[in-house]
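Notes to accompany the following structure.
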Amino acid sequence: MILRTHHGRLSSKILFVLLLAVLLALSGCSSRAPEYASEPAYDSDSVSSERGTAEAPAESAPAAPSPEQAGSGFDLGDAVESQHKIIYSGEIVMESLEFDETVEAVQSYVNRLGGYAESSYIEGRRIAETIQPSRRTASFTFRVPQQRFFSFTEGLKEYGNVLTSSTYGENITERYFDTEARLVSLQIQEERMLRLLERAENIEDILRIESELTSLRYQVESLTGTIQKWDNLVQFATIRVDIREVDKVTPDPDVTTWGTEISDAFKDSVIAVIRTLQNLVVFLIMALPFAVVFISLALLGVKIYRMIRKKMGKRSEPDK
């Protein structure tokens with residue numbers, strides 16, 4: 001009986017402990033539920049709106065050119081303008097068998113690029129009008145957009161044989177922005193002087209302020225003109241093109257073979273002999289009038305000399 005009572009107490013204690021553990025677990029779950037409930041809930045509309053604003057710049061930015069577009073169809077003019085201020089210039093020497101057609105084609109090519117001829121000079125005579133090796137030459141100073149500067153030489157190869165090509169670049173970025181900062185500073189000073197001029201009351205102050213304004217305006221105009229000149233030089237590259245008229249195009253040394261060199265040397269020697277004979281004939285024709293005059297004078301002198309000698313001989317006979 002005592003044993004059963006002891007076992008009963010033990011079992012009741014175990015049940016009490018188990019019940020207490022269950023209650024503690026339930027109370028823990030109920031206490032955590034409000035914590036999760038108190039966290040801010042995510043709104044689908046706000047999330048979508050935030051994503052929309054984050055992706056907006058990517059949608060508005062221009063797409064990068066594909067490999068197909070980055071080929072011959074893609075030009076520097078489609079790219080974003082660089083902050084560097086570089087003045088490009090170049091010189092090209094080319095020769096042509098058809099001088100008139102080449103000159104006209106080159107000028108049309110420059111116009112199609114959006115450029116223009118700043119100066120031009122043509123001298124010499126046509127091939128048919130002279131036997132001299134020097135023919136007509138044309139010298140042009142073209143202004144072409146900077147974006148077309150590096151492809152300009154490749155385009156000229158379609159209209160003649162390009163002998164030499166050189167390019168130059170002058171970086172004026174630092175000078176440009178320094179001058180621009182000075183201009184802004186002078187413009188601010190000019191505005192302040194104008195406000196002081198409005199408040200000036202005596203003549204001395206007015207004259208002094210107007211003198212300062214005249215000096216400031218002169219500096220502003222000078223710097224403005226310098227910046228405009230640089231902008232024009234940066235925007236349009238300067239290229240000098242010399243076109244020579246020839247009756248034979250200079251061969252490319254990279255593709256010339258030994259047999260071609262021998263053939264060209266033989267042709268050149270034959271042409272040199274022909275030109276020498278032509279020059280000799282021209283010299284003889286030019287010397288013929290001089291020869292007639294001098295020979296006639298020489299014959300006349302000999303005749304006069306003989307006549308004088310004959311008369312002197314007759315005078316000496318009676319003395320003997």
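Worth saying up front: this structure is predicted, and the values here are computed from it rather than measured.
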Practice task
Report the C-alpha distance between Val241 and Met94 in whole Å, list the side-chain angles of each, state the deciding distance to 0.1 Å, and finish with yes or no for side-chain contact (heavy atoms from CB on, under 4.5 Å).
Solution key: CA-CA 8 Å; Val241 179; Met94 58 187 301; 4.2 Å; yes

Sequence neighbours excluded, which residues qualify as side chain to side chain contact (heavy atoms under 4.5 Å, CB included) partners of [X]?
{"X": "Asn111", "result": "none"}
{"X": "Asp242", "result": "Val93, Ser139, Arg240"}
{"X": "Ile206", "result": "Leu197, Ala200, Glu210"}

Exercise for the section: Measure across Gly115 and Pro145 and return the closest heavy-atom pair with its distance rounded to 0.1 Å. Expected result: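 Residues Gly115 and Pro145, closest heavy atoms: N-CD, 4.0 Å.
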
Practice task
Of all the heavy-atom pairs spanning Leu213 and Met193, show the shortest one and how long it is.
Solution key: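 Scanning both residues completely, I find the closest heavy atoms to be CD2-CB, 3.5 Å.
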
Do the charged groups of [X] and [Y] touch, with an N to O distance under 4.0 Å?
{"X": "Arg136", "Y": "Asp100", "result": "yes"}
{"X": "Asp178", "Y": "Arg175", "result": "no"}
{"X": "Arg195", "Y": "Glu198", "result": "no"}

Using atom types as modelled and distance alone, determine if a side-chain donor or acceptor of [X] lies under 3.5 Å from a backbone N or O of [Y].
{"X": "Ser185", "Y": "Ala181", "value": "no"}
{"X": "Thr173", "Y": "Lys85", "value": "yes"}
{"X": "Arg112", "Y": "Gln107", "value": "no"}

Practice task
In sequence, state the C-alpha distance, the side-chain angles, and the governing distance for Leu233 and Glu170, and then conclude on side-chain contact (heavy atoms from CB on, under 4.5 Å).
Solution key: CA-CA 10 Å; Leu233 291 174; Glu170 182 184 2; over 6 Å; no

Practice task
Check the side chains of Ser89 and Thr238 for a donor-acceptor pair under 3.5 angstrom, ignoring hydrogens and angles.
Solution key: no

Practice task
Would you kindly say whether Ser96 and Arg244 are connected by a side-chain donor-acceptor distance under 3.5 Å?
Solution key: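 No, no side-chain donor-acceptor contact under 3.5 Å.
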
Handout entry: Reported CG-to-CD1 distance for the pair Asn161 and Ile243, which is rounded to 0.5 angstrom
Key = 12.5 Å

Linking I/L/V/M/F/W/Y whenever their side-chain heavy atoms sit closer than 4.5 Å, directly or via other members, would [X] and [Y] fall into one cluster?
{"X": "Leu196", "Y": "Leu194", "value": "yes"}
{"X": "Leu300", "Y": "Ile308", "value": "yes"}
{"X": "Leu163", "Y": "Phe142", "value": "no"}
{"X": "Ile92", "Y": "Tyr116", "value": "no"}
{"X": "Phe236", "Y": "Ile239", "value": "no"}

Practice task
Could you pull out all residues at least two apart from Glu180 that satisfy side chain to side chain donor-acceptor pair (under 3.5 Å)?
Solution key: none

Exercise for the section: Examine Tyr121 together with Phe140 and report whether their ring centres are nearer than 6.0 Å. Expected result: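 No - the distance between ring centres of Tyr121 and Phe140 does not fall below the 6.0 Å cut-off.
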
Problem - Ile203 atom CD1: more than 12 heavy-atom contacts under 6.0 Å - result: no

Exercise for the section: Would you indicate whether Glu101, at its atom CD, is surrounded by more than 12 heavy atoms from other residues, nucleotides or ligands within a distance under 6.0 Å? Expected result: yes

For residues 216-223, tabulate all N or O donor-acceptor pairs below 3.5 Å that involve a side-chain atom, not counting sequence neighbours.
unit_1, atom_1, unit_2, atom_2, d
Arg217, NE, Glu190, OE2, 3.2
Gln219, NE2, Ser215, OG, 3.3

Handout entry: Test log, rule side-chain contact (heavy atoms from CB on, under 4.5 Å), inputs Leu183 and Thr224
Key = CA-CA 7 Å; Leu183 177 60; Thr224 302; 3.6 Å; yes

Fill in the blank from the handout: The complete set of ring-ring contact (aromatic ring centres under 6.0 Å, His included) pairs with one or both residues in residues 152-206, sequence neighbours excluded, reads Tyr109-Phe152, Tyr109-Tyr159

